Number of protein chains: 2
Amino acid sequence: MSTKEKILAEALALFNERGTDVVTVRHIAQAAGMSHGNLCYHYPNTDAIVQSLYNQLVGHINEQITAVATPGFELIAAGQLVAHAMEALYRYRFLLLDFAGIMRRIPAIRDQHQALLKQRGLVFRQLLAYLREAGLMKPELYAGHDEHLLTQLFIVGDFWIASAEWLYEGEAADKLPYYQQVLTALLVPLLTEQGWKQWHEAAEQSRESQT
Amino acid sequence: MSTKEKILAEALALFNERGTDVVTVRHIAQAAGMSHGNLCYHYPNTDAIVQSLYNQLVGHINEQITAVATPGFELIAAGQLVAHAMEALYRYRFLLLDFAGIMRRIPAIRDQHQALLKQRGLVFRQLLAYLREAGLMKPELYAGHDEHLLTQLFIVGDFWIASAEWLYEGEAADKLPYYQQVLTALLVPLLTEQGWKQWHEAAEQSRESQT
DNA sequence: CTATATTTAGAACAAATGTACTAATTTGTG
DNA sequence: CACAAATTAGTACATTTGTTCTAAATATAG
């Protein structure tokens with residue numbers, strides 16, 4: 001493991017445990033077993049480290065998107081993608097736990113994240129159109145409901161982590177599957193009977209693939 | 001306005017604007033036009049101020065609950081209550097924007113908030129039971145969906161503020177009504193036809209009362 | 001091997017911060 | 001008015017932090 005990788009790994013652990021606002025270059029250097037002078041040679045300050053970790057996360061998620069992407073959209077593939085994305089997000093959870101502070105301090109990340117969500121919005125609208133075309137989803141409940149649903153998906157998709165960190169009371173191993181269910185449960189009431197059937201089949205197949 | 005009130009007011013403005021992690025007793029004292037020595041006489045540190053502001057918020061919301069509470073549950077009253085609570089939450093938005101940092105730093109607030117959400121959970125389950133008894137809401141979609149819905153309501157109910165702060169792109173005046181719609185849209189797909197009708201009437205009445 | 005570039009450790013310094021303390025001022029009360 | 005309690009301003013100091021700098025150590029290329 002290179003020095004830079006070591007720094008990022010230790011910083012990630014500290015950020016997740018203590019929060020970006022209290023972790024300093026000296027803390028990270030101590031955890032990584034090096035002088036803080038050396039650490040500042042590689043990364044001038046903690047913001048640069050946060051930026052690198054954010055890039056790592058986006059890289060991981062993009063990798064998974066290209067790995068899972070198949071010609072012809074499949075509900076099962078979509079489920080796997082969401083599961084992988086949520087795992088990655090949880091490994092870098094400090095980014096969303098300290099969301100406001102990071103967005104304020106590091107404008108580059110703020111701009112990137114806003115762009116990311118705009119792109120996600122486009123993909124989601126395509127997904128909705130496909131599901132309706134295939135007769136799997138009901139038409140829009142009222143004018144503007146799709147927009148509301150999109151916002152719900154963004155909020156739950158980003159901030160389930162804060163809920164998981166402070167309010168979840170179940171088994172640790174069930175945590176991520178539970179919040180994946182919470183997220184998909186946003187769509188379930190909007191499925192047609194046919195969509196409901198297909199969703200059940202996909203859920204069973206994913207359960208089989210786990211065991 | 002007493003000195004303590006002045007301190008709390010200035011601290012609230014600074015916290016909302018800059019975040020709790022960068023605002024110090026000296027900043028607050030300067031904004032309030034007093035020495036930081038004096039400020040520390042009233043509140044030993046910023047955490048004590050945050051705690052007081054949290055208590056203020058809970059106080060405001062409880063006031064509104066008792067003010068709106070009427071014998072026999074009314075959907076209109078519930079809508080007003082949600083609107084008022086969201087307004088109060090938005091005035092104290094730093095509490096939820098810096099959620100993780102505050103929960104970590106101030107265990108008393110963490111415990112209070114966890115207790116608050118447990119209580120909210122009980123009220124919500126009663127609400128669901130009432131709505132189903134009155135034939136306004138469909139039965140549970142699948143075993144465990146009520147639990148998922150409750151988690152969705154908690155996440156959106158707390159973290160719509162972060163979304164509103166960084167991602168909302170509409171008119172500022174429409175911000176709170178928009179997110180109130182997003183929140184209620186979690187329940188709309190679960191209403192029966194009768195519930196749908198009553199919800200429409202309530203929405204019209206609230207629109208009339210606004211003008 | 002040797003020279004050059006890279007990496008590392010540690011010192012140094014200014015600025016900011018939390019906290020405690022003192023003395024002056026104001027307020028309230030008999 | 002007198003006097004005690006409270007409020008307020010300002011000072012002082014140890015600690016932490018970001019940042020820069022120097023010199024030593026290590027690695028790399030010719």
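All values reported here derive from a predicted model rather than from experimental measurement. Lettering follows sequence order; numbering is per chain, from 1.
- Within the structure, the side chain to side chain donor-acceptor pair (under 3.5 Å) test picks out the following pairs touching residues 159-171 of chain B (sequence neighbours left out): B:S163-B:Y179.
- Annotation: side-chain hydrogen bond (donor to acceptor under 3.5 Å, both in side chains) contacts of B:D111 (sequence neighbours excluded): none.
- A 4.5 Å side-chain heavy-atom check between B:D158 and B:H113 finds at least one atom pair inside the cut-off.
- There is a side-chain donor-acceptor pair under 3.5 Å between A:H148 and A:Y142.
- Note: A:T20 OG1 to A:L97 CG = 9.0 Å, rounded to the nearest 0.5 Å.
- Read 5' to 3', the first and last nucleotides of DNA chain C with an atom closer than 4.0 Å to a heavy atom of chain A are C:dT6 to C:dA12.
- If you check residues 12-25 of chain A against DNA chain C, you find no residue with a heavy atom closer than 4.0 Å.
- Rounding to the nearest 0.5 angstrom, the gap separating the CG atom in B:L183 from the CG atom in B:L153 is 6.0 Å.
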Would A:F99 and A:F159 satisfy ring-ring contact (aromatic ring centres under 6.0 Å, His included), going step by step from the backbone distance to the final call?
-> CA-CA 9 Å; A:F99 190 69; A:F159 298 108; 5.3 Å; yes
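- Every residue two or more places apart in sequence or in another chain that forms a side-chain hydrogen bond (donor to acceptor under 3.5 Å, both in side chains) with B:R104 is listed here: A:D98.
- Side-chain atoms of B:Q152 do not come within 3.5 Å of backbone N or O of B:L186 as any donor-acceptor pair.
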In a table with atom names and distances, give each donor-acceptor pair under 3.5 Å that connects a side chain of residues 46-59 of chain A to protein atoms at least two apart or in another chain.
| residue | atom | partner | partner atom | Å |
| --- | --- | --- | --- | --- |
| A:D47 | OD1 | A:R105 | NE | 3.0 |
| A:Q51 | NE2 | A:N55 | OD1 | 3.4 |
| A:Q51 | NE2 | A:Q112 | OE1 | 3.1 |
| A:N55 | ND2 | A:Q51 | O | 3.4 |
| A:Q56 | OE1 | A:Y92 | OH | 2.6 |

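- Here A:Q180 pairs with nothing under the side-chain hydrogen bond (donor to acceptor under 3.5 Å, both in side chains) rule; sequence neighbours left out.
- Within residues 29-39 of chain B, the residues having any heavy atom closer than 4.0 Å to DNA chain D are, in order of number, B:M34, B:S35, B:H36, B:G37, B:N38.
- A nucleotide of DNA chain D counts as in contact with chain B when one of its atoms lies under 4.0 Å from a heavy atom; the first and last such, 5' to 3', are D:dA6 to D:dA12.
- Between the CG atom in A:N16 and the OH atom in A:Y90 there is a gap of 8.5 Å [rounded to 0.5 Å].
- For residues 15-40 of chain A, the ring-ring contact (aromatic ring centres under 6.0 Å, His included) pairs, not counting sequence neighbours, are A:F15-A:F94.
- Side chain to side chain, A:K4 and A:Y43 fail the donor-acceptor criterion of an N or O pair below 3.5 Å.
- Among residue pairs with one or both ends in residues 8-17 of chain B, those qualifying as salt bridge (Lys or Arg N to Asp or Glu O under 4.0 Å) are B:K6-B:E10; sequence neighbours excluded.
- Contacts between residues 40-47 of chain A and DNA chain D, defined by a heavy-atom separation below 4.0 Å, involve A:C40, A:P44, A:N45, listed by number.
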